[in-house]
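See structure below.
Please read all numbers here as calculations on a predicted model, not as lab measurements. We name chains A, B, ... by the order of the sequence lines, and we start the count at 1 in each one.
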Amino acid sequence: MTLRFQNTESRTKQEFTPLEPGKVSLYTCGPTIYNFAHIGNFRAYVFEDLLRRYLEYRGYAVTHIMNLTDVEDKLIRTCRETGEPLKSVTARYAAAFFEDVKALGILPAHRYPAATDHIPEMVEMIKILRDKGHTYEDQGSIYFKLGTFPRYGRLSHMDLDQLRTGASGRVDADEYEAEEARDFALWKAWDENDGEVYWETELGKGRPGWHIECSAMSTKYLGPRLDIHCGGVDNIFPHHENEIAQSECCSGQTFVNYWLHCAHLVVEGRKMSKSLGNFFTLRDLLEKGHDPQAIRWVLIATHYRQPNNFSFDALDGAKQALNRLRDFRLRLGEAKGPGDALQAECDACRAAFEEAMDDDLNISGALGAVFN
RNA sequence: GGCGGCAUAGCCAAGUGGUAAGGCAGAGGCCUGCAAAGCCUUUAUACCCCGGUUCAAAUCCGGGUGCCGCCUCCA
């Protein structure tokens with residue numbers, strides 16, 4: 001049986017073949033450290049942990065990079081409103097993030113590069129894009145000209161002409177300064193709202209756009225071509241689409257071979273929101289006395305491409321299932337029965353487990369094999 | 001308006017043409033002085049609805065219904 005993944009770009013399940021035999025470069029979009037991460041965020045990180053662990057289980061040497069976004073609009077607004085320096089805010093939430101990662105038993109990435117530590121790399125990349133004619137400047141800001149990258153849209157399979165500007169309601173269309181709304185910022189010129197948050201660079205006084213950090217940092221630590229790039233489905237467009245445009249226009253090579261995206265988490269059947277009272281950070285649940293391993297179980301037990309319905313009934317069930325496995329593990333260690341028969345059972349379990357996991361990380365099937 | 005996902009038991013959830021995995025809860029039992037814990041057994045004539053294709057459909061096709069997501073800085 002071969003390892004297969006559903007590739008967002010091809011929309012098909014493909015056999016996994018790394019660029020270099022035995023090695024996997026894995027880049028996963030990390031948190032914006034402007035607040036405590038919620039359990040929906042951790043659904044993605046736990047999925048990525050499962051992916052990494054299974055790749056390693058299959059014998060691959062994985063190099064896993066996860067970025068930390070430590071400069072963007074919400075952070076700058078927080079700094080402006082509270083007067084707290086950017087680094088102070090992000091240090092607090094980065095520390096909290098690492099605590100949460102540990103609590104959930106997530107293997108740490110090999111590096112967690114932060115955007116603000118890689119301004120020179122981003123500037124370099126933007127300069128290359130500028131030299132190749134993929135950018136234009138407007139009022140000190142630098143934008144990527146999507147018209148120069150005909151392959152744009154191949155990941156999300158969206159037709160740019162069909163997009164409705166501002167349809168999400170998330171972004172104020174009046175704030176666009178780009179020639180076309182679809183062009184995105186590589187470098188944002190400083191204005192008074194940015195306060196103390198700016199860098200003096202060859203590109204002028206300002207700060208990087210969001211998308212360029214992932215292109216610059218993945219290139220720095222993993223090279224211009226990646227085996228696997230992960231994130232939540234909401235990142236497909238525009239973030240990952242923009243990464244492709246930046247990276248491929250820069251390197252002239254295919255940026256990512258396998259795109260894996262996990263679906264969202266809902267709570268009790270509803271989208272998580274503070275107004276519904278179903279919004280939970282990991283620490284909210286831990287403070288209620290829930291077992292972090294049971295939380296991990298619920299987050300992981302639904303296939304990553306299916307919406308995950310988090311509920312407290314499911315959490316209670318996970319707790320019980322986990323207890324049974326823990327008890328079983330103890331008894332297995334003490335087992336003194338006929339060794340060959342026990343070994344045969346274990347081999348059969350392992351084979352069924354691997355067959356399920358090889359099929360795009362079918363964890364539900366794999367757990368079923370374990371319980372059988 | 002464009003693109004995409006989902007619907008399987010009280011709950012969670014596998015299963016993409018061959019007659020419904022698994023977990024939780026429930027029920028029965030074993031063990032125990034009683035209990036708890038643990039262990040064993042058991043639990044869907046049936047997969048949102050209506051058509052169609054087929055010897056055979058949860059699975060494929062057509063049409064509905066419902067829920068959810070993305071549409072330019074959301075995991």
Side-chain angles (χ1 to χ4, degrees), chain A residues 8 11 13 28-32 37-48 66 69 71-76 115 143-144 146 152-153 156-173 175-176 178 180-185 188 208-214 230-239 241-242 261-266 268-272 294 297-299 301-328 330-331 352 356 359 362-372:
Chain A
T8 304
R11 290 184 177 171
K13 219 175 265 183
T28 60
C29 283
T32 299
H38 57 67
I39 57 174
N41 299 125
F42 282 109
R43 198 262 167 118
Y45 306 140
V46 166
F47 143 62
E48 289 152 1
M66 175 180 277
T69 297
V71 55
E72 53 82 73
D73 292 354
K74 288 187 291 286
L75 272 165
I76 291 169
Y143 297 89
F144 188 98
L146 281 192
Y152 192 85
S156 57
H157 303 91
M158 291 213 276
D159 180 352
L160 285 178
D161 295 335
Q162 299 289 344
L163 297 180
R164 185 177 282 183
T165 299
S168 70
R170 283 195 297 133
V171 177
D172 185 350
E175 288 185 1
Y176 281 116
E180 293 190 59
R182 62 186 202 175
D183 294 331
F184 59 91
K188 297 182 163 189
W210 175 40
H211 312 293
I212 194 69
E213 69 177 76
C214 286
C230 297
V233 288
D234 49 275
N235 276 156
I236 295 172
F237 186 91
H239 183 52
E241 206 73 79
N242 291 351
H261 291 98
C262 73
H264 276 160
L265 175 116
V266 296
E268 307 286 354
R270 305 293 299 276
K271 184 176 182 178
M272 235 188 342
W297 184 287
V298 174
L299 294 180
T302 301
H303 186 93
Y304 73 90
R305 282 188 290 107
Q306 305 296 336
N308 183 323
N309 184 15
F310 185 95
S311 70
F312 287 95
D313 282 350
L315 189 54
D316 291 341
K319 174 75 179 169
Q320 291 306 316
L322 200 51
N323 282 338
R324 254 185 93 201
L325 275 192
R326 286 168 177 155
D327 285 329
F328 176 71
L330 287 176
R331 284 183 290 125
D359 183 17
N362 181 354
I363 186 66
S364 304
L367 289 176
V370 172
F371 276 94
N372 280 334

Q: Figure out the CE/C1' separation between Met272(A) and rA75(B), and round it to whole Å.
A: 9 Å
Q. How is Tyr45(A) classified with respect to the nucleic acid when contacts are heavy atoms under 4.0 Å: base, sugar-phosphate, or nothing?
A. sugar-phosphate
(Q) Give me the distance, rounded to whole Å, that separates rU43(B) from rA20(B) when you measure between the P atoms they each carry. (A) 13 Å
Q) Which nucleotide, in any strand shown, forms a Watson-Crick or G-U wobble pair with rC34(B), with both distances under 3.5 Å? A) none
**Q.** Between rC71(B) (P) and His261(A) (NE2): distance, integer Å
**A.** 13 Å
Q. Are OP1 or OP2 of rG38(B) and a side-chain N or O of Arg324(A) less than 4.0 angstrom apart?
A. no
(Q) Of the options rA75(B), rC39(B), rC24(B), whose atoms approach the side-chain atoms of Gln320(A) most closely? (A) rC24(B)
**Q.** Whole-Å distance separating the CZ atom of Phe310(A) from the P atom of rA75(B)
**A.** 18 Å
(Q) Under a 3.5 Å cut-off for both contacts, is rU19(B) paired Watson-Crick or G-U wobble with anything, and if yes, with which nucleotide? (A) none
Q | Partner nucleotide, any strand, of rC39(B) [Watson-Crick/G-U, under 3.5 Å] | A | rG29(B)
Q.
Between rC71(B) and rC61(B), how far apart are the two P atoms, rounded to whole Å?
A. 28 Å
Q: Pick base, sugar-phosphate or nothing for Lys74(A), based on heavy-atom distances below 4.0 Å to the nucleic acid.
A: sugar-phosphate
Q. Considering every strand shown, what is the Watson-Crick or G-U wobble mate of rC24(B) when both distances are under 3.5 Å?
A. rG10(B)
Q) Expressed in whole Å, how much space separates the P atoms belonging to rC11(B) and rG4(B)? A) 30 Å
Q.
In this structure, how many angstroms lie between the P atom of rG2(B) and the NE2 atom of His157(A), rounded?
A. 18 Å
Q: Could you measure between the two P atoms, the one in rG28(B) and the one in rU19(B), and give it in whole Å?
A: 33 Å
Q: Would you give a per-nucleotide map of nucleotides 10-21 of chain B, 5' to 3', where B means the base has a protein non-hydrogen atom under 4.0 Å away, S means only the sugar-phosphate does, and - means neither?
A: -SSSSS-----B
Q. His303(A) and Asn362(A): side-chain hydrogen bond (donor to acceptor under 3.5 Å, both in side chains), yes or no, with the steps?
A. CA-CA 6 Å; His303(A) 186 93; Asn362(A) 181 354; 4.9 Å; no
Q: For rA14(B) versus rC47(B), give the span between their C1' atoms, rounded off to a whole number of Å.
A: 12 Å
(Q) Mind checking if Gly40(A) touches a base, just sugar-phosphate, or nothing, with heavy atoms under 4.0 Å? (A) base
Q: Examine distances only and state if a side-chain atom of Asn308(A) and a backbone atom of Val266(A) form a donor-acceptor pair shorter than 3.5 Å.
A: no
Q: Write down the partner of rC70(B) under the Watson-Crick or G-U wobble criteria, each distance required to be under 3.5 Å.
A: rG2(B)
Q) Taking any strand in view, what nucleotide pairs with rG62(B) in a Watson-Crick or G-U wobble way, both distances under 3.5 Å? A) rC50(B)
Q | Atom C1', compared across rU59(B) and rG18(B): separation rounded to whole Å | A | 11 Å
Q. More than 12 foreign heavy atoms under 6.0 Å from CZ of Phe328(A): is that the case here?
A. no
(Q) Rounding to an integer number of Å, can you tell me how far Phe371(A) CZ sits from rC40(B) C1'? (A) 16 Å
Q.
With a 3.5 Å distance limit and no angle check, can you tell me whether Asp327(A) reaches the backbone of Arg324(A) through a side-chain donor-acceptor pair?
A. no
Q: Walk me through it: do Cys230(A) and Cys262(A) pass the test side chain to side chain contact (heavy atoms under 4.5 Å, CB included)?
A: CA-CA 8 Å; Cys230(A) 297; Cys262(A) 73; over 6 Å; no
Q. Which nucleotide in the set rC39(B), rG23(B), rA25(B) lies at the smallest distance from any side-chain heavy atom of Ala321(A)?
A. rG23(B)
Q: For rA7(B) and rU16(B), measure between their C1' atoms and round to the nearest Å.
A: 16 Å
**Q.** Given Trp210(A), Tyr152(A), Phe237(A), the one that forms side chain to side chain contact (heavy atoms under 4.5 Å, CB included) with Asn242(A)
**A.** Tyr152(A)
Q) For the pair made of CG in Leu325(A) and C1' in rG23(B), what is the distance, rounded to whole Å? A) 9 Å
Q. Taking any strand in view, what nucleotide pairs with rU45(B) in a Watson-Crick or G-U wobble way, both distances under 3.5 Å?
A. none
(Q) Please pick, from rG4(B), rC24(B), rA75(B), the nucleotide with the shortest atom-to-atom distance to any side-chain atom of Thr32(A). (A) rA75(B)
Q: Verify, without hydrogens or angle tests, whether Glu72(A) (side chain) and Leu75(A) (backbone) share a donor-acceptor contact under 3.5 angstrom.
A: yes
**Q.** Nearest-nucleotide comparison on RNA chain B, the residue closer to the 5′ end among His38(A) and Arg11(A)
**A.** Arg11(A)
**Q.** Distance between C1' atoms of rA9(B) and rU45(B) (Å, rounded)
**A.** 13 Å
Q | Nucleotide rG69(B), atom C1' - distance to CZ of Arg43(A) in whole Å | A | 13 Å
Q: Give the rounded distance in Å between these two atoms: CZ of Arg305(A) and C1' of rA7(B).
A: 17 Å
(Q) Does either side chain, that of His261(A) or that of Asn235(A), offer a donor lying less than 3.5 Å from an acceptor on the other one? (A) no
Q: State, yes or no, whether a side-chain contact exists between Leu325(A) and Trp297(A) at a heavy-atom distance under 4.5 Å.
A: yes
Q) Hey, does Leu265(A) reach any base, or is it just sugar-phosphate, or nothing, if we go heavy atoms under 4.0 Å? A) base
Q) If only atom types and distance count, is the side chain of Glu241(A) paired as donor or acceptor with the main-chain N or O of Gly153(A) below 3.5 Å? A) yes
